[in-house]
Amino acid sequence: MGTLSKSIAIIGLVLFLSYTFLMNPSYQLPLFPAKPQEKFPVIKASPTNISHIVFGTVGSVNTWKHKRSYIESWWQPNVTKGYIFMDSAPGNEYLPWPSTSPPFRVSEDITKLKGYPNYSNKIQLRIVQTVLEVFREGDENVRWYVMTDDDTVLVIDNLVDMLAKYDHTKYLYIGTNSECTHNNFAFSFDMAYGGAGYALSYPLMEALSKTLEMCIERYPHLYTSDNVLGACVADLGVDRTHEQGFHQIDLHGDISGLLSAHPNTPFLSLHHIDTIDPIFPSKNRSESINQLLQAAKFDHSRILQQTICYNKPISWTFSVSWGYSVHIYENVLPRSFLKKPLETFTPWWSGSGKEPPFFMFNTRWPSFTGNPCVDPHSFFADSNQNIDGNQILTTFSRRSSRGLLACAASGNHSAEPITKIMVISPIPKTVEVSILYHRIIVFT
Ligand SMILES: *[C@@H]1O[C@H](CO)[C@@H](O)[C@H](O)[C@H]1NC(C)=O
Ligand SMILES: *[C@@H]1O[C@H](CO)[C@@H](O)[C@H](O)[C@H]1NC(C)=O
Ligand SMILES: *[C@@H]1O[C@H](CO)[C@@H](O)[C@H](O)[C@H]1NC(C)=O
Ligand SMILES: *[C@@H]1O[C@H](CO)[C@@H](O)[C@H](O)[C@H]1NC(C)=O
Ligand SMILES: *[C@@H]1O[C@H](CO)[C@@H](O)[C@H](O)[C@H]1NC(C)=O
């Protein structure tokens, strides 16, 4: 017994010792709390709101004309705080700078950085450096810094609600993975992907402001800025906290299969808008984004979240991706099956040397089987409106004919004549909506 308590005391002592990093004293790191951070601690400070967040977006003058509409779709003038960091000063054709966009800053000269000559991907060095530049802006009462790309769209209200769950006085790094196994393998399974957007708490940002410049010299071979940042955060003793609502979208083609099976977590971001098809088949890219964010204005907490219900007498299943799509199946199919995305998209990298599994989640593959009992009729949202003062009406139209006979095994009830669907949902009273009741009306 005596020996046991002595060895416990020794373990305690060992744990108490600090560690220093490498032999070079300039790499010495601040000592961080060794105890694990609780996920949802009781927060005594005032609730986090939009004024506590500073956004840092990286852009380029050459592509600004095209990307501007994506940024302005989520930026709220005089409400959101932040900056867009450009690679050079915008010329006269872009001035005066619009008040509907984040104010611009010109990135600092990175060629002066000691790490510069050895960096394999110098553009990425500029991007990682903007993390320091946004901090040096010195905004006051900041709790979180959120970094994004210029082809990222955010749902600000959900982001605020998500960040409000966490204790901003802790060292937190919140984001998500790539959807693709090969991307995570090539870069990292542990980092927050930059295009999806990620959040850094103020204390972590402050710590990074002291170490980042030296840290990036250690990683000249890493190819992307988010990979370098993830490595530098890891070296400070902080691990990524995963939030599923961020979406890196390292995908190509039609991502409607993914967006129609969104997990029951608030939708936070969408990236790579130009590498995918417009998310609404009858609209172009910027119209599509506006349509989705328009629905989010009616109910940001529910947007995209998948709900499933059944019409038993005719054996139909409805899968609703709120504000986005409705699928009708002429069969009774369980949620465990329908929550797997239809694999309508392709991975970022495919072809020679790239073997499955491609994705970090299970999919329904092939997405369309030609079997009328498992292939859906797809409808996409056109419009939203408030009705009766306390309900939201969303209207959906058919994408195209399914081109199959009815599912005979479940009674031969064809949904082919349905052209339009209305979904009526109560306006949520709290953001903690867990069970949703919709009314679904179909029109032929
Ligand atoms: C956000 O919270 C602060 C208190 O931390 C308060 O002073 C401010 O008015 C709030 N702003 C908004 C937009 O709610
Ligand atoms: C933002 O505020 C400024 C100063 O109060 C005002 O001049 C400007 O019109 C506002 N911008 C928008 C887009 O509301
Ligand atoms: C750059 O790489 C060379 C060769 O590997 C190395 O000797 C040098 O120390 C590196 N410079 C920096 C600043 O890391
Ligand atoms: C998308 O459609 C809108 C409305 O029809 C149009 O104003 C806009 O120029 C289009 N955008 C692109 C990139 O084609
Ligand atoms: C199913 O309906 C089609 C017409 O919609 C009909 O031709 C077919 O005979 C029906 N099959 C069964 C098994 O009832």
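Bear in mind the structure is a predicted one, so any value in this text is a computation, not a measurement. Hydrogens, waters and symmetry mates are skipped; everything else that's a heavy atom, side chains included, is used. Counting starts at 1 for both ligands and their atoms, in listed order.
Counting non-hydrogen atoms of other residues, nucleotides and ligands closer than 6.0 Å to CD1 of Ile314 gives a total above 12. Residue Ile441 qualifies as enclosed at atom CD1: its count of foreign heavy atoms under 6.0 Å is above 12.
Atom OG1 of Thr181 is separated from atom CG of Asp250 by 11.0 Å, given to the nearest 0.5 angstrom. Atom-to-atom distance recorded for Leu338:CG and Thr307:OG1 is 11.0 Å, nearest 0.5 angstrom.
Set against the non-hydrogen atoms of Asn412, the atoms of ligand 5 under 4.0 Å away are 1 (C), 2 (O), 3 (C), 8 (C), 10 (C), 11 (N), 12 (C), 14 (O).
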Give every pair formed by an N or O atom of ligand 3 and a protein N or O atom closer than 3.5 Å, one pair per line with both atom names and the distance to 0.1 Å, or write none.
residue	atom	partner	partner atom	Å
ligand 3	2 (O)	Asn118	OD1	3.3
ligand 3	2 (O)	Asn118	ND2	2.3
ligand 3	11 (N)	Asn118	ND2	2.9

Original post:
Do Trp348 and Ser178 pass the side chain to side chain donor-acceptor pair (under 3.5 Å) test, and can you show the C-alpha distance, the side-chain angles, and the key distance before you say yes or no?
Top reply: CA-CA 10 Å; Trp348 190 253; Ser178 171; over 6 Å; no
**OP:** Start with the C-alpha gap between Tyr119 and Tyr219, add the side-chain angles, then the distance that decides, and say whether ring pair (Phe, Tyr, Trp, His ring centres under 6.0 Å) holds.
**Re:** CA-CA 8 Å; Tyr119 248 72; Tyr219 298 108; 9.1 Å; no
